[in-house]
Amino acid sequence: MTSDNIPNSNPVGNEDSGDESESIPLAQIDTLAPTPKKRKSTKNGNGATKRKKRLVIKDEDDDEPLALKSPVKAKKPKTKLNGKNGQEKVKKETSQTLDAQLATPTDLIKKEKEEEETYKWWEAQDMDGEQKWESLHHNGVMFPPEYEPLPSHVKMYYDGKPVDLAPAAEEVAGFFAAMLETDHAQNPVFQKNFWNDFLQVVKESGGANVEMKDFTKADFTKMHAHFEMLKEQKKNMSRDEKKALKEAKEKEEEPYKTCLLNGRKEQVGNFRVEPPGLFRGRGAHPKTGKLKKRVYPEDITLNLSKECKVPEPPAGHKWGEVRHDNTVAWLAMWKENISDSLKYVRFAANSSVKGQSDFKKFETARNLKFHIDAIRTDYTKLLKDPLMQNRQMATATYLIDVFALRAGGEKGDDEADTVGCCSLRYEHITLKPPNQVIFDFLGKDSIRFYQEVEVDKQVFKNLRIFKKPPKQPGDDLFDRISPPMLNKQFQGYMKGLTAKVFRTYNASKTMQDQIDLIPNEGTVAEKVVRFNAANRTVAILCNHQRTVSKTHGHSVQRIHDRIKEMMWQKIRTKKMILELEPGLRRKDPKYFEELEDLSKEDEQHVHHLLLERAREQAQRKFERENQKLKAEGKELLSSSVLDEKMEKIKEQEKDLAEELKTGKPVMKSTTTVEKLKAQVEKLDGRIVNTTFQLQDKEDNSEVSLGTSKLNYIDPRLTVMFSKKFDVPIEKLFTKTLRDKFKWAIESADENWRF
DNA sequence: GGTCTAACTTAGTACATTGTAA
DNA sequence: TTACAATGTACTAAGTTAGACC
């Protein structure tokens, strides 16, 4: 028995029991550090275990129909006979007969499609637990095309010499060549892993004419150039060619796109088998760059109804296995070679199966609101528990609840070193008395989590205990607990409660609170901006980041320039007003206050931009017109036409220079003060809008709103917002999201609350 | 209790499509 | 109409969780 299992046998009698030195016997503190949790390293053991007793029936050894265990009946879509639904049905039928008289066959097919899609599982109320489907028919998976060798003149070079490779090796070289300009290809780990695997394939495929050892002597530029050329060619294809290509693609994927789930047509998500390539691990992944091998039908396990005809595997091949397991929600599966994990082909996000589990997820999170107060009270109490393990549990729960940390399971040495709550180490937090904590660690996807926060006093004390010597950098902060233990405790609080539910709950709760703060006024655009701001609060809570786009700086600069230009125009217009009516300045000094706001440099900068743009435009227009003339076989414009234009711009330049000197704008004689004032007003509006847009862009540059919208914010909140604030749902959900969240769109009203 | 791993959700990025300013 | 930026979608890596088994 370790000492931390002994209840506080030596209480210093302090009621407060707050301070670490008081509440925990020394002996207990001393034993904190040992029992380092073993780092899991992926083993390739043969302990093939079955997860649960399932209705797994393999083709070969089972002649008993599945029906004996679970009767398979093609379930009819349930439609309520009364009320809204019944009416709807009648209406549809009449409209269909009408349509049928007029419609073309394709229209009919479309109509049929719509009919198929109208199954409303959320009104059927039969969301069973264990069983995922009653019948499942599909056509298998789509394989990537076979490798086609490059033209003989396109080669990689080694030490200056062209290398002849077997197709299998050439393919791998090509993977790297295609990525030559990416960050991956500059990463030494990626290079090393690629090179090792590549040499292996070279060896296995019969070697090459040149002996290769040193990566730095390998030259993939010719191959790279070839791929770039192909890309360019594709881009330059005519409209018709592109269309034909697209049609061919659609025809090819048609059979795999959908399946029959309980007799209804539903979409399949990732029906394409992942093509071979180089593994693009995120962050400092030790295996990044390794060869992801081609997947063959023999590697694939299909899952479908017993009575479904097994799809034909590609010629000359066989399926690895065929299963009929209706307790799982996948259609096909294979094992990938990088880390021996499984990959699944699943239903699409808009399918009933996915919809139901999404619905369940949000209902569980929603249910947490009835328990959260008790839970918080409980873990606050446990923060002072004499048992070290309980203190760790309580402290971890606090971090998960308050800072939306993930559970943080153990990771192996062959994965990137990232952490979550339970796997936080000594070096990931810095403590600054009295109660400040600085978190700095890499979380999921190696995204940095950096936050300086104030925490509960007792949490601070506990964290200090968890860092006490002999603990040192590299040691686990929470060395007595693990995600399964946390989850077990959570189940005691509430059925279905796990660490991740806190994230969903807090995200949706935050969204609800934020929406409550939005005033129901203004234009649709303004309301959308407010909605996005609320969305952003959630994204920040969940630490959803994105890399700043390469063009971000550039586009920000452009917006700045645009604002400056509008400012200049506005000031210039006001100056014109004064030219017409100098007396106005005394009448309304405030209106003319900003006349001096723009510095000479700024003004000059704007002039420069203006003239540059004019020149570019003239040049482009000239070129375009000549191109057109050339295509029509007519005589080209002489360069004097362009010169003339440039001359005019030069004159304009002179005018502007003069204007800069005198401060007096050149103006049309026909204008009036009223017209000018209207212009100023218009410009003001545009300036405000653009400034707003700029702010939004800056705020969003590193925050990704999509992930929280897709996974964390209860879609019924968005629907509620849409209805209550009269903002079309199309402004808040893209087409895909509207499909995925159809259940929410049709079930929530303007009064719905999380 | 710990380990293994199947099966699922969550995540950022690469690429395709659409929108918009010129 | 074009070129480029913004937006949307597909892809697949990387998490969490739970059951089996020791």
Side-chain angles (χ1 to χ4, degrees), chain A residues 37-38 40-54 132 179 182-184 231 235 242 246 269-272 274-275 277 279-283 285 287-288 292 303 325 327-330 333 335-336 338-344 346 348-349 353-354 357-358 361 406-411 415-416 418-423 443-447 482-488 490-491 496 498-501 503-504 542-547 549 551-552 554-555 558-559 562 613-614 616-617 620-621 624 627-628 697 700 704-708 710-712 733-737 739:
Chain A
K37 274 184 270 182
K38 235 195 329 197
K40 196 169 73 183
S41 58
T42 357
K43 269 168 250 150
N44 205 0
N46 262 352
T49 48
K50 276 272 148 70
R51 190 173 164 203
K52 48 188 160 178
K53 279 180 194 142
R54 290 205 181 107
K132 298 287 168 63
M179 296 173 73
T182 66
D183 289 345
H184 289 293
K231 245 194 236 169
K235 217 168 83 186
K242 279 182 185 164
K246 200 178 165 191
N270 53 331
F271 51 85
R272 248 176 257 274
E274 290 176 21
F279 174 66
R280 301 169 184 220
R282 313 238 170 99
H285 199 298
K287 291 191 173 177
T288 193
K292 213 173 90 167
N303 189 34
D325 182 355
T327 67
V328 294
W330 50 265
M333 173 195 84
K335 198 171 227 179
E336 53 87 43
I338 300 293
S339 40
D340 255 350
S341 68
L342 300 168
K343 298 270 189 173
Y344 299 90
R346 300 167 188 288
V353 170
K354 287 278 185 144
S357 80
D358 229 24
K361 172 184 83 181
R406 297 188 182 83
E410 288 291 309
K411 293 194 74 185
E415 297 171 273
T418 62
V419 299
C421 184
C422 292
S423 46
K444 182 177 179 182
D445 293 295
S446 293
I447 295 295
S482 65
M485 287 161 76
L486 267 182
N487 286 335
K488 209 172 157 202
F490 293 159
Q491 296 288 340
T498 61
K500 79 201 257 299
V501 177
R503 261 168 90 81
T504 315
C542 295
N543 200 39
H544 290 146
Q545 299 184 20
R546 58 174 183 173
T547 48
S549 80
T551 54
H552 177 71
H554 180 238
S555 55
R558 274 187 8 158
I559 300 178
R562 226 162 62 209
R613 205 167 56 211
E616 266 171 38
Q617 262 171 16
R620 234 181 294 161
K621 192 176 173 206
R624 218 177 24 235
Q627 233 164 23
K628 208 171 152 192
K697 200 177 179 71
N700 265 343
S704 156
L705 302 188
T707 307
S708 48
L710 193 66
N711 300 304
Y712 287 103
F733 280 154
T734 63
K735 172 84 174 62
T736 325
L737 285 184
D739 272 358

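Every chain is numbered from 1, with letters handed out A, B, ... down the list of sequences.
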Ignoring backbone atoms, establish whether [X] has a side-chain N or O less than 4.0 Å from OP1 or OP2 of [N].
{"X": "His544(A)", "N": "dA11(B)", "result": "yes"}
{"X": "Thr734(A)", "N": "dT9(C)", "result": "yes"}
{"X": "Lys132(A)", "N": "dC8(B)", "result": "yes"}
{"X": "Arg280(A)", "N": "dA14(B)", "result": "no"}
{"X": "Gln491(A)", "N": "dA18(C)", "result": "yes"}
{"X": "Thr498(A)", "N": "dT17(C)", "result": "yes"}
{"X": "Thr418(A)", "N": "dA14(C)", "result": "no"}
{"X": "Arg503(A)", "N": "dA11(B)", "result": "yes"}
{"X": "Thr736(A)", "N": "dT9(C)", "result": "yes"}
{"X": "Lys354(A)", "N": "dT9(B)", "result": "yes"}
{"X": "Lys411(A)", "N": "dG15(C)", "result": "yes"}

Residues that [X] engages under salt bridge (Lys or Arg N to Asp or Glu O under 4.0 Å), provided they are two or more places apart:
{"X": "Lys246(A)", "value": "none"}
{"X": "Lys343(A)", "value": "Glu274(A)"}
{"X": "Arg282(A)", "value": "Asp445(A)"}

Looking for any heavy atom pair under 4.0 Å, which part of the strands does [X] touch: base, sugar-phosphate only, or nothing?
{"X": "Gly408(A)", "answer": "sugar-phosphate"}
{"X": "Gly706(A)", "answer": "nothing"}
{"X": "Ala416(A)", "answer": "nothing"}
{"X": "Ser341(A)", "answer": "nothing"}
{"X": "Arg406(A)", "answer": "sugar-phosphate"}
{"X": "Lys292(A)", "answer": "sugar-phosphate"}
{"X": "Tyr344(A)", "answer": "base"}

Quiz item: What are the two closest non-hydrogen atoms of Leu486(A) and Cys422(A), and how far apart are they?
Solution: CD1-SG, 3.6 Å
Return the value, rounded to whole Å, for the distance between atom [atom1] of [X] and atom [atom2] of [N].
{"X": "Leu737(A)", "N": "dT9(C)", "atom1": "CG", "atom2": "P", "result": "7 Å"}
{"X": "Lys361(A)", "N": "dG15(C)", "atom1": "NZ", "atom2": "C1'", "result": "14 Å"}
{"X": "Phe279(A)", "N": "dA14(B)", "atom1": "CZ", "atom2": "P", "result": "14 Å"}
{"X": "Asp445(A)", "N": "dG12(B)", "atom1": "CG", "atom2": "C1'", "result": "6 Å"}
{"X": "Asn487(A)", "N": "dC8(B)", "atom1": "CG", "atom2": "P", "result": "18 Å"}
{"X": "Trp330(A)", "N": "dT12(C)", "atom1": "CH2", "atom2": "P", "result": "19 Å"}
{"X": "Glu336(A)", "N": "dA7(B)", "atom1": "CD", "atom2": "C1'", "result": "14 Å"}
{"X": "Arg346(A)", "N": "dT12(C)", "atom1": "CZ", "atom2": "C1'", "result": "12 Å"}

Practice problem: Return yes if some donor-acceptor pair links the side-chain N/O of Arg546(A) with the main-chain N/O of Asn700(A) below 3.5 Å, else return no. | Solution: yes
Quiz prompt | Nearest-0.5 Å distance that lies between atom NZ in Lys132(A) and atom OG in Ser357(A) | solution = 7.5 Å
Quiz item: Distance from Lys292(A) atom NZ to Lys287(A) atom NZ, nearest 0.5 Å?
Solution: 14.0 Å
Self-check item: Along DNA chain B (nearest heavy atom to each residue), the more 5'-positioned of Met485(A) and Lys231(A)
Solution: Met485(A)
Self-check item: Residue whose closest nucleotide on DNA chain C lies nearer the 5' end, Lys500(A) versus Gly269(A)
Solution: Gly269(A)
Quiz item: If each of Pro484(A) and Gly283(A) is mapped to the nucleotide of DNA chain C with the nearest heavy atom, which maps nearer the 5' terminus, i.e. the 5' end?
Solution: Gly283(A)
Between [options], spot the one nearest the side chain of [X], thanks.
{"X": "Thr504(A)", "options": "dT13(B), dA7(B), dT10(B)", "result": "dT10(B)"}
{"X": "Pro275(A)", "options": "dT17(C), dA7(B), dT12(C)", "result": "dT12(C)"}
{"X": "Ala407(A)", "options": "dT17(C), dA11(B), dC8(B)", "result": "dT17(C)"}

Self-check item: Trp330(A) and Tyr344(A) aromatic ring geometry - parallel, tilted or perpendicular at 30°/60° bounds
Solution: tilted
Self-check item: Sequence-distant partners of Lys242(A), side chain to side chain donor-acceptor pair (under 3.5 Å), two or more places apart
Solution: none
Self-check item: Partner residues of Ser341(A) under the side chain to side chain donor-acceptor pair (under 3.5 Å) criterion, sequence neighbours left out
Solution: Glu336(A)
What pairs of nitrogen or oxygen atoms, one from the protein and one from nucleotides 18-20 of chain B, lie under 3.5 Å apart?
none

